[in-house]
Visitor: 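Sharing a structure with you now.
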Number of protein chains: 2
Amino acid sequence: MQKETICLGILSLGPRSGYEIKQMFQGPLSDFYSLSFGTIYPTLNKLQSGKFVSCKQHTQSKKPDKKVYTITKKGMAQMQENLLGDASSYIRSGNYGDQIKSEFFLLILFAKYLPKETLDTVLNERVLFLRQKFEQFKYDGPVPGDIKALREEKSISFIRGLAAALLDTGLTYMEKNREKLS
Amino acid sequence: MQKETICLGILSLGPRSGYEIKQMFQGPLSDFYSLSFGTIYPTLNKLQSGKFVSCKQHTQSKKPDKKVYTITKKGMAQMQENLLGDASSYIRSGNYGDQIKSEFFLLILFAKYLPKETLDTVLNERVLFLRQKFEQFKYDGPVPGDIKALREEKSISFIRGLAAALLDTGLTYMEKNREKLS
DNA sequence: ATTATATATATCAAACTGATATATATGCAT
DNA sequence: ATGCATATATATCAGTTTGATATATATAAT
């Protein structure tokens, strides 16, 4: 999927600055996708030149100007067109361009070359890390307004539920099978 | 994890050509990691110059020479050192440099901008695709010798089991919750 | 007879990341 | 109070990586 479509899609959820788009990739979307500043800022400039987004500079006393981007009607139309094109090509190919690079799995693959204690510590750390993630996805308590609005999106609650289910399965499997690695 | 460590690790499972390393990333490892030819071939050359791997040219009549690389003692030592260093740094950081870029999840995130029938077709295709993968990981019947040897690796059977469990959970979730998206 | 796919290596433009630079504010420990 | 780390905010770029393409042949399918 093109970076333009992705930025437009995120801006369709509400106006945001480049910094705030990056924060989504570090927070709620961190398990599904990411883009770096080096991609986000140039893309936003390009979208602005093409009038797919508008930009309001919030001059802040003694902080850099905050540039808040809002998707335009032209941008909404373009995004939907791109999305449809992507979906159609996925249907034809039967794959989704999904890419996983998990260093944890590589480490497991080469587990026999690690000292037993090191492998043990790594597995403990991983279980702790996954448990934290699980709690994060399960958590349904009070959150700031903008995040609350996101949670009410059907698609986000679908994805959060799937992530929680997958993490739960992963954790249970690790606990039941980890001794098979040593 | 460095590309050198990854190639050495794969060669520690047995001698292989660059083409065959790539095949592992398209087959048994496709859900966990990938490297392109543009990375694999130069890495192999670099490892050969450093005597971390040795190379035998199998001259084939009217096909390009097949260069089969074998990991050396020096290479084994280097790989284990790198692996230990990586594991230690993962323990300190508490994360694993895992990276997921799932275009399917992005498409779901923006599902409300897709025509109902398109979303439906995409979800059907995805379920079919995941079911195929699931069967692949579950399959325990006869396979060629080199793949059979791989399957007997503890780490690979651990990973295959985890992959099957995760796919099963994902499929069940999709079937139970997909109507919530429309 | 032609097209598509598989084997096999190599290269490179284009894209992307990770790091760094710049500038300020805030909180926390010493 | 002074130093240190972290957070806000944008911008740039060297270095790495990918995805596509080139080359050459064999085989299977249409």
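In the text below, chain A, chain B and the rest are named by the order of the sequence lines, each starting its count at 1. Owing to the predicted nature of the structure, the values given are computational and were not obtained by experimental measurement.
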Visitor: Does dT17(C) have OP1 or OP2 sitting under 4.0 Å from an N or O in the side chain of S34(A)?
Guide: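 Answer is no, no contact under 4.0 Å.
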
Visitor: At less than 4.0 Å, is any side-chain N or O atom of T39(A) found next to OP1 or OP2 of dT17(C)? Yes or no.
Guide: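 For dT17(C), OP1/OP2 do have a side-chain N/O of T39(A) under 4.0 Å.
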
Visitor: Look at the rings of Y96(A) and F129(B) and say which category their plane angle falls in: under 30° parallel, 30 to 60° tilted, over 60° perpendicular.
Guide: perpendicular

Visitor: Could you work out which one of dA8(C), dA9(D), dT18(D) sits closest to the side chain of K66(A)?
Guide: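 When the side chain of K66(A) is considered, dA9(D) is the closest of dA8(C), dA9(D), dT18(D).
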
Visitor: Starting at atom OH of Y69(B), determine the distance to atom P of dA8(C), rounded to an integer number of angstrom.
Guide: 13 Å

Visitor: Considering only side-chain heavy atoms of K3(A), which listed nucleotide, dA10(C), dA9(D), dC16(C), is closest?
Guide: dC16(C)

Visitor: Can you name the closest pair of heavy atoms from R160(B) and Q136(B) and give their distance?
Guide: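 Smallest heavy-atom distance, with atoms named: NH1-O, 3.8 Å.
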
Visitor: Classify the nucleic acid contact of K22(B) as base, sugar-phosphate or nothing, counting any heavy atom under 4.0 Å across all strands shown.
Guide: nothing

Visitor: Indicate the ring-plane relationship of F32(B) and F105(A), choosing parallel, tilted or perpendicular according to the 30° and 60° boundaries.
Guide: tilted

Visitor: Could you tell me how far apart K46(A) (NZ) and dT10(D) (P) are, to the nearest whole angstrom?
Guide: 20 Å

Visitor: Pick the nucleotide of DNA chain C nearest each of S36(A) and V68(B); which residue has the one closer to the 5' end?
Guide: V68(B)

Visitor: Between dT9(C) atom P and R16(B) atom CZ, what is the distance in whole Å?
Guide: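 Nearest whole value for this atom pair: 13 Å.
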
Visitor: Quickly work out the Q26(A) CD to dT6(D) P distance and round it to whole Å.
Guide: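 Distance, rounded to whole Å: 14 Å.
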
Visitor: How would you label the contact of Q57(B) with the nucleic acid (heavy atoms, under 4.0 Å): base, sugar-phosphate, or nothing?
Guide: nothing

Visitor: What is the distance from CZ of F37(B) to C1' of dT21(D), rounded to the nearest Å?
Guide: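 So the two atoms are 13 Å apart, to the nearest Å.
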
Visitor: Which one, dA10(C), dT8(D), dA11(D), comes nearest to the side chain of Q23(A)?
Guide: dT8(D)

Visitor: The side chain of L35(B) lies closest to which of these nucleotides: dT9(C), dT18(D), dA11(D)?
Guide: dT18(D)

Visitor: Heavy atoms only, 4.0 Å cut-off, all strands: where does Q2(B) land among base, sugar-phosphate and nothing?
Guide: nothing

Visitor: Can you tell me how far P of dA9(D) sits from CD1 of I40(A), to the nearest Å?
Guide: 14 Å

Visitor: Hey, any chance L166(B) and L130(B) share a hydrophobic cluster, counting ILVMFWY side chains that come within less than 4.5 Å of each other, even indirectly?
Guide: yes

Visitor: Examine dT10(D): is either OP1 or OP2 under 4.0 Å from a nitrogen or oxygen in the side chain of Y41(A)? Give yes or no.
Guide: yes

Visitor: Could you tell me whether G38(B) contacts a base, only the sugar-phosphate backbone, or nothing, with contacts defined as non-hydrogen atoms closer than 4.0 Å?
Guide: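 Base: the residue G38(B), judged by heavy atoms under 4.0 Å, touches a nucleobase.
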
Visitor: With the side chain of K101(A) defined as its heavy atoms from C-beta on, choose the nearest nucleotide among dC16(C), dA11(D), dT17(D).
Guide: dT17(D)

Visitor: Taking side-chain hydrogen bond (donor to acceptor under 3.5 Å, both in side chains) as the criterion, tell me which of T43(A), D86(A), N82(A) meets it with T5(A).
Guide: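 The side-chain hydrogen bond (donor to acceptor under 3.5 Å, both in side chains) with T5(A) is passed solely by N82(A) among T43(A), D86(A), N82(A).
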
Visitor: With a non-hydrogen cut-off below 4.0 angstrom, is T43(A) in contact with a base, only sugar-phosphate, or nothing?
Guide: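 Answer is nothing: T43(A) stays at 4.0 Å or more from every strand.
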
Visitor: Which of these nucleotides, dT10(D), dA6(C), dC16(C), is closest to any side-chain atom of Y19(B)?
Guide: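 It is dA6(C).
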
Visitor: In whole angstrom, what separates K67(B)'s NZ from dT7(C)'s P?
Guide: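 So the two atoms are 19 Å apart, to the nearest Å.
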
Visitor: Grab the CD1-C1' distance between I21(B) and dT7(C) for me, whole Å please.
Guide: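 It works out to 16 Å between those atoms.
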
Visitor: What residues, two or more places apart in sequence or in another chain, satisfy side-chain contact (heavy atoms from CB on, under 4.5 Å) together with S30(A)?
Guide: K133(A)

